[in-house]
Number of protein chains: 2
Amino acid sequence: MAISDTLAKKGVRPSAQRVAVAEYVLSTREHPSAEQVFADVKRRFPQISRATVYNTLNLFFEKGLLRTLTLTEGNVVFDPMIERHHHFVDEQTGKIYDIPWGALSVRNVESLEGFDVSEYQVVLRGRSHKEKAK
Amino acid sequence: MAISDTLAKKGVRPSAQRVAVAEYVLSTREHPSAEQVFADVKRRFPQISRATVYNTLNLFFEKGLLRTLTLTEGNVVFDPMIERHHHFVDEQTGKIYDIPWGALSVRNVESLEGFDVSEYQVVLRGRSHKEKAK
DNA sequence: GTTCGTGCAAACGGTTTGCAACAAT
DNA sequence: ATTGTTGCAAACCGTTTGCACGAAC
């Protein structure tokens with residue numbers, strides 16, 4: 001499906017700028033910050049402004065196209081709304097890795113008293129030995 | 001043990017301001033923001049400055065007296081370094097609840113390939129039915 | 001008397017907002 | 001014509017920093 005259709009389906013009018021942002025941020029596995037999104041999009045779309053990128057990211061968030069994560073000290077990053085997954089944060093580099101949902105299992109979530117859980121994830125920290133950041 | 005001894009033991013000189021901050025933030029279960037700490041301490045210690053509160057919180061963090069959490073949209077809060085626990089975030093109110101470590105169990109953490117996990121926690125979101133905020 | 005801690009105000013950085021021009025319907 | 005979108009620059013807000021004064025050793 002074309003990106004512009006994905007946007008339209010969520011009630012977002014697919015302007016050229018929004019498509020350019022979407023092309024990057026809805027498919028990446030990089031967990032980019034707003035600034036990184038701006039930098040990437042600007043390469044292909046030099047006249048885009050920072051405000052538009054911020055507004056667009058907020059719009060995508062409101063429309064449920066992406067999530068925001070703040071796993072490290074005040075650094076907000078964006079995560080496309082793909083399947084559920086956990087996160088691992090490399091404490092040296094700050095790099096965030098996706099952990100497949102099935103790699104871990106959490107027991108007793110449904111038996112928590114007084115809490116109606118709509119979603120959850122495990123956040124792990126430590127050192128990664130993977131060379132390639134993904 | 002007196003608060004000033006706790007501080008001294010961690011290599012923090014127990015000035016009056018630091019003790020005032022510590023009294024609140026090392027014993028609370030409120031997950032306060034820096035601003036909340038400032039407001040609370042200022043009630044008992046009106047001449048304290050914002051800068052001192054921020055510096056003190058950072059110092060406590062460096063010395064391992066407390067943790068920082070950023071579970072909701074760019075709101076950094078402080079959590080005393082007590083036993084391990086998980087966190088539940090009420091999506092309506094933003095309020096953070098501690099979940100006892102033993103209430104959940106996570107399996108297969110040690111079998112993650114390429115990751116050396118030093119700590120982890122489950123972050124849950126949803127609605128809380130508890131009336132009293134803790 | 002040298003080091004450490006405090007308070008003030010200014011600086012900072014990431015994000016949001018007001019506004020005027022422009023495009024789409 | 002009305003409504004939505006963009007770009008710019010200014011405003012904003014939480015946090016950090018530079019500096020001078022005062023306290024502790």
Side-chain angles (χ1 to χ4, degrees), chain A residues 3-5 7-23 25 31-63 65-78 94, chain B residues 3-25 31-63 65-78 94:
Chain A
I3 296 255
S4 60
D5 295 336
L7 297 185
K9 193 183 283 188
K10 293 280 190 168
V12 174
R13 220 190 285 183
S15 70
Q17 288 90 333
R18 288 171 178 175
V19 171
V21 172
E23 276 170 354
V25 82
H31 306 95
S33 66
E35 209 56 33
Q36 283 174 282
V37 176
F38 177 58
D40 183 273
V41 173
K42 201 174 181 91
R43 247 181 278 126
R44 287 170 296 120
F45 205 113
Q47 77 277 28
I48 201 171
S49 75
R50 210 179 301 268
T52 297
V53 171
Y54 277 92
N55 291 338
T56 300
L57 290 170
N58 286 340
L59 181 64
F60 287 1
F61 173 73
E62 284 160 25
K63 298 296 186 176
L65 285 159
L66 41 80
R67 284 198 163 77
T68 62
L69 300 173
T70 45
L71 300 177
T72 65
E73 268 317 274
N75 293 110
V76 179
V77 302
F78 297 90
Chain B
I3 296 256
S4 61
D5 294 337
T6 307
L7 297 185
K9 194 183 283 192
K10 293 280 190 169
V12 174
R13 222 192 282 181
S15 70
Q17 287 89 332
R18 287 171 178 175
V19 171
V21 171
E23 276 169 354
Y24 173 54
V25 81
H31 305 95
S33 65
E35 210 56 34
Q36 283 174 281
V37 175
F38 177 58
D40 183 273
V41 173
K42 200 175 180 89
R43 247 181 279 126
R44 289 170 294 119
F45 207 113
Q47 76 277 25
I48 201 170
S49 75
R50 210 178 302 268
T52 297
V53 171
Y54 276 94
N55 291 338
T56 301
L57 289 170
N58 286 340
L59 180 64
F60 287 1
F61 173 74
E62 284 160 25
K63 298 296 187 177
L65 285 158
L66 41 79
R67 284 197 163 75
T68 62
L69 298 174
T70 45
L71 299 178
T72 65
E73 269 315 275
N75 294 111
V76 179
V77 302
F78 298 89

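All of these numbers come straight from a predicted model, not from anything done at the bench. In the text below, chain A, chain B and the rest are named by the order of the sequence lines, each starting its count at 1.
- When all heavy atoms of B:Val25 and B:Pro32 are compared, the closest pair comes out as CG2-CG, 4.2 Å.
- A:Thr52 is linked by a side chain to side chain contact (heavy atoms under 4.5 Å, CB included) to A:Gln17, A:Ile48, A:Ser49, A:Thr56, counting only residues two or more places apart in sequence or in another chain.
- When side chains are defined from C-beta on, B:Arg18 counts as touching B:Leu59, because their heavy atoms get closer than 4.5 Å.
- Evaluation of the side chain to side chain donor-acceptor pair (under 3.5 Å) rule for A:Gln36 yields A:Ser33 as partners, not counting sequence neighbours.
- When the C1' atoms of four end pairs are superposed on the next four at each end of the helix from C:dG1-D:dC25 to C:dT25-D:dA1, using five pairs per end, the two resulting axes differ in direction by 20°, to 10°.
- Listed in residue order, the members of residues 42-49 of chain B having a heavy atom less than 4.0 Å from DNA chain C are B:Gln47, B:Ile48, B:Ser49.
- Between A:Phe61 atom CZ and C:dT16 atom P the separation is 11 Å, expressed in whole Å.
- Remark: P of C:dT16 and CZ of A:Phe38 are 15 Å apart, rounded to the nearest angstrom.
- Scanning for side chain to side chain contact (heavy atoms under 4.5 Å, CB included) contacts around B:Ala34 gives B:Tyr54, B:Leu57, B:Phe78, with sequence neighbours left out.
- Atom NZ in B:Lys63 sits about 14 Å away from atom C1' in C:dG5, given to the nearest Å.
- Atom C1' of nucleotide D:dT5 and atom CD of A:Glu62 are separated by 15 Å, given to the nearest angstrom.
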Please list, for nucleotides 1-4 of chain D, all pairs of protein and nucleotide N/O atoms separated by less than 3.5 Å.
{"from": "D:dG4", "atom 1": "O4'", "to": "A:Arg13", "atom 2": "NH2", "distance (Å)": "3.3"}
{"from": "D:dG4", "atom 1": "O3'", "to": "A:Arg13", "atom 2": "NH2", "distance (Å)": "3.4"}

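- The nearest whole Å value for the distance from the CG atom in B:Asn75 to the P atom in C:dG14 is 18 Å.
- For B:Glu73, the side chain to side chain donor-acceptor pair (under 3.5 Å) partners two or more places apart in sequence, or in a different chain, are A:Thr68.
- In this structure, A:Ser15 reaches the D:dT6 phosphate: one of its side-chain N or O atoms is under 4.0 Å from OP1 or OP2.
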### Message
Assess the residue pair A:Val77 and A:Leu71 against the criterion (side chain to side chain contact (heavy atoms under 4.5 Å, CB included)); give the C-alpha distance rounded to whole Å, side-chain angles, the decisive distance to 0.1 Å, and a yes or no.
### Response
CA-CA 8 Å; A:Val77 302; A:Leu71 300 177; over 6 Å; no
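- For the salt bridge (Lys or Arg N to Asp or Glu O under 4.0 Å) test, residues two or more places apart in sequence or in another chain that qualify with A:Arg44 are A:Glu23, A:Asp40.
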What are the atom names and distances for every N/O pair under 3.5 Å that joins the protein to nucleotides 12-20 of chain D?
{"from": "D:dT15", "atom 1": "OP2", "to": "B:Tyr54", "atom 2": "OH", "distance (Å)": "2.3"}
{"from": "D:dT16", "atom 1": "OP2", "to": "B:Asn58", "atom 2": "ND2", "distance (Å)": "3.0"}

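- Considering only residues two or more places apart in sequence or on other chains, B:Arg13 meets the salt bridge (Lys or Arg N to Asp or Glu O under 4.0 Å) condition with none of them.
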